[in-house]
Structure formats: structure tokens, C-alpha cells
There are 2 protein chains.
Amino acid sequence: MTTTAAPERRAAPPARRRILDTARNLFYGEGIRAVGVDRIIAEAGVAKATFYHHFPAKDDLVCAYLKEQSDLQRGLADGLRSAEGPAEERLVAVFEAVGEIGCGPGFRGCAFVNASVEYPDPAHPVRQVVAAHRAWFRGLVRDLLAATGHPDPDPTAGMLVMLRDGIVVGADLDDAAEVRALVRDAVTRLAAVPRS
Amino acid sequence: MTTTAAPERRAAPPARRRILDTARNLFYGEGIRAVGVDRIIAEAGVAKATFYHHFPAKDDLVCAYLKEQSDLQRGLADGLRSAEGPAEERLVAVFEAVGEIGCGPGFRGCAFVNASVEYPDPAHPVRQVVAAHRAWFRGLVRDLLAATGHPDPDPTAGMLVMLRDGIVVGADLDDAAEVRALVRDAVTRLAAVPRS
DNA sequence: CCGAGCCTAGACAGACCTGTCTGGTAAAGT
DNA sequence: ACTTTACCAGACAGGTCTGTCTAGGCTCGG
């Protein structure tokens, strides 16, 4: 037990953090293929050897970038999931949060969808990170839907995942404010219990 | 008036067609940045000078590729739009066609969404082709919705455009067959006249 | 027969890409 | 004092990218 703070293994070294932060900004903002390793190295103020020490290949950095984004979103959603209030409102809150983010500055669509476009091979490690994230989100929606007592949570969750994808694409390519204004209604219509 | 067939100006030269066909396959299947001009030239069996004669820059080819895709989709949709039957069915038919295409072999999402991911600058010519295509589709949906007598065709069209984006993303990244099975229900729920 | 238009073949330039390697610095643990 | 670890600086190799240029062939109308 050393005296210095070492939360788990060791505090994340600054260089790695700087690389990851720079990569996030550039990959998300300009695209993955469009950003070279050299540029990340320059903007992060890091030596090339240090970069390749932490990330043996560019794809490793891409995976780490997406995993971190996934963790962030999971943390955010867990806050909304365990809020008080009726389950219907918590479900809507998750989608409104997506619409809200879409209105924020620098929004450029879903990092996972965008990464998939740049990695066409479904077997690529990057695509597996994307698949895991999507499976998590779908599970989240299904659980919230089940908590509302919806009779068909699974197919309806499929529809709501489509809606989520439509929100992020629409907020990027069309009018984000208009998209945001439609979110609550769209969730309500899709999640409404179909009358027999 | 020459005797040879000359529909408008002159029959499309084979080289240009070969370039465009090859570009479509490679750009759509592997991504735009991922495919170099050299490879298109090689697979189209065309000289480099010929390529740059028809398309002064790669971006010109990208625009032409997308414009052609847009024209194809408009032609397809016009067939569905002017079919007989109630307007509700024609609206559903448009979306089911999207779901159907998503189940086809080689489907890799929406060419326009994918291109936007690779061209982050909204002012880029490629993005303007995308914007025009999206505006057309939204107009199509709005018109069909209005034909059903829907009281709020415009916001509902916004929701249905989101659904379309969700279908193409979902069919690419998730289970296309499941997505297709959900399309009709999702359209119906979103386009249902909200009871006061 | 001849010239215009469209085509092929391929060298070339200059930039950028990923990834490797050498060598040196500085702090922290033992 | 010694070693380990993390870091910085930058040259280098081998490949790919877009786009330009030279040089010539093939066909068809006049």
C-alpha cells in the first residue's frame, strides 16, 4: 500500500488521456479515416513512440475511443433509468436526452453509427464494440418498456431503437430543433399500447 | 438528323458508365474514402486520363454517384406513389420497400447518410446533394400523408423521416429481417391520427 | 485520306498514411 | 545508487493517395 493515490491499478497517465481526448474530438468531428495518427500525435503533444506504446495500432485507439463513449453513455443513462417517477416518463427522458444532445454544439451524429460507416466489415473489432453498445441500448429500452407494463416490450423496443437512430441522423442532417420537438410525441405514439 | 440513335445529346459513352458503375459498387460497399481513384480506374478498365476527363476530381464522381442514386430512388418511389389503392397503403408501401431493400444482399445502409458521415462539412457539394435528396423524400412523405387526410402532415412527416433513417441504420447494423417485420406497425403507429 | 473525338498505357510529382526504430530525459520506487 | 517506467524528439521505410502529363491508338464522318 503506497501512500500515493492509486484507485485501481494506477492513475491514468496524462499522455494516454491526452491522446484519447484528442482522438475523440478529431474522430468524432472529422471522421476516423480522415484523421491521421500524425495529427493526433501533434495535437495531443505526445511522442510517436508513446502513442504506439499505448495503442499498438490505430484501430486499437478507435476501439478505446468507442468503448469510452459507450461507458459515458451508459453512465448517463443509468442516472435517468434509476430516477424517480413513472416508468413512462423515464423512457421519454432517455429519448429526450438524445434529442437534447443532438441540439448541442458540435453534434455530428452517433459516434457508433458513424464508425460503422467507416468500418464496413461486420467482423472488425470496431464493429463488435458498436454491436455491444447497441445491444446494451436495446436492453435498456426493453427494460424500461417492460417496467411500464407494456404487453409487447420486445418488438416495441425494436421500433424505439429505430427512432433513436432516426433522431441522431435527423439531428445531424436536418433541423435538430425540429427533431427535438418531435421526440416526445414519437416515443408516445410508438410506445402506446395498441388497442385490440 | 442523323440516322443513328441519339436520344438526347449522344448515347452515354461506355467508359463513363463503367466508371460510374464501378464507383457505385465500391463507394457503397466499402466507403468513399476507403476507395482510391486508382482502384476505380483499374476495376473499370479505364485509362487515368479518361477518368479525369469525365470527372475532374474525385468529389465530382462522388456527386455524380449520389445524384444517380437519388434519381433511381425517385423513379422507384414515383411508381409507388402513383399506384392505385388508398393513400394509407401507398404510404406504407414506400416504407415497406425501404425495409425490403434493407433485407437484400449487399445492403450497407443509406448511401446518403453514409456519404454524409464521410463529408463532415455541411457546405460541401456532396452534402448539398444529400440535402436535396432528403428534402425530396420528406416532401414525398408529407404529400402522401396529406393525401390520407392527416390533420398534421408536416410534423408527422418529420417523424416518418426519422423512422426511415432508423430502418436503414437498423437493417444495416442489426437484424434486417426483424426490422422489416416492424415497419408496417411502426408506420401505422406514427401516422395514426392522434385522438383528441 | 484525314482530322476530331474518345480512348488506352503508364510515368511522374508531391503529399500523406501507418508503423518502426534510435536515443535521450526525468521522476519514482527499491 | 540503481533500475524501472513513462515520456519526448524525430528520422526513416514502404506504401497509397490525388491529380498531371506525355504519347499514341482506334473509329468514324466528311
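The side-chain hydrogen bond (donor to acceptor under 3.5 Å, both in side chains) analysis of residues 36-46 of chain B, with sequence neighbours excluded, yields the pairs B:E30-B:R39, B:D38-B:K48, B:R39-B:E43. Within the structure, ring-ring contact (aromatic ring centres under 6.0 Å, His included) pairs that include any residue of residues 14-34 of chain B comprise B:F27-B:Y65 (at least two apart or interchain). Residue pairs meeting the salt bridge (charged side-chain N to carboxylate O under 4.0 Å, His left out) criterion with at least one partner in residues 99-124 of chain B, sequence neighbours excluded, are B:E100-B:R180.
A sub-4.0 Å separation between OP1 or OP2 of D:dA6 and a side-chain N or O of A:T50 is absent.
Between atom CG of residue B:D175 and atom SG of residue B:C103 there is a gap of 8.0 Å, rounded to the nearest 0.5 Å.
Residue A:I41 contributes atom CD1, which lies 13 Å from atom C1' of D:dC7 at whole-angstrom precision. Remark: P of C:dG5 and CZ of B:R16 are 18 Å apart, rounded to the nearest angstrom. The distance between atom CD1 of A:I19 and atom P of D:dC8, rounded to the nearest whole Å, is 8 Å. For B:H54 and C:dC6, the NE2 to P distance is 8 Å, given to the nearest whole Å.
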Heavy-atom protein contacts under 4.0 Å, nucleotides 13-26 of chain D, coded B base, S sugar-phosphate only, - none: ----SBBBB-----
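When hydrophobic side chains of Ile, Leu, Val, Met, Phe, Trp and Tyr are connected at separations under 4.5 Å, A:V117 ends up clustered with B:V117.
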Anything under 3.5 Å between a donor and an acceptor, one on a side chain of residues 136-146 of chain A, the other on a protein residue two or more places apart or in another chain? List them.
residue	atom	partner	partner atom	Å
A:R138	NH1	B:E178	OE1	3.2
A:R138	NH1	B:E178	OE2	3.3
A:R138	NH2	A:D154	O	2.9
A:R138	NH2	A:D154	OD2	3.2
A:R138	NH2	B:E178	OE2	3.0
A:R142	NE	A:D154	OD1	3.0
A:D143	OD2	A:R81	NH2	3.2

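Contacts of B:D21 classified as side chain to side chain donor-acceptor pair (under 3.5 Å), with partners at least two apart in sequence or in another chain: B:R17. With sequence neighbours excluded, no residue satisfies ring pair (Phe, Tyr, Trp, His ring centres under 6.0 Å) with A:Y52.
Across residues 115-129 of chain B, not one residue has a non-hydrogen atom less than 4.0 Å from an atom of DNA chain C.
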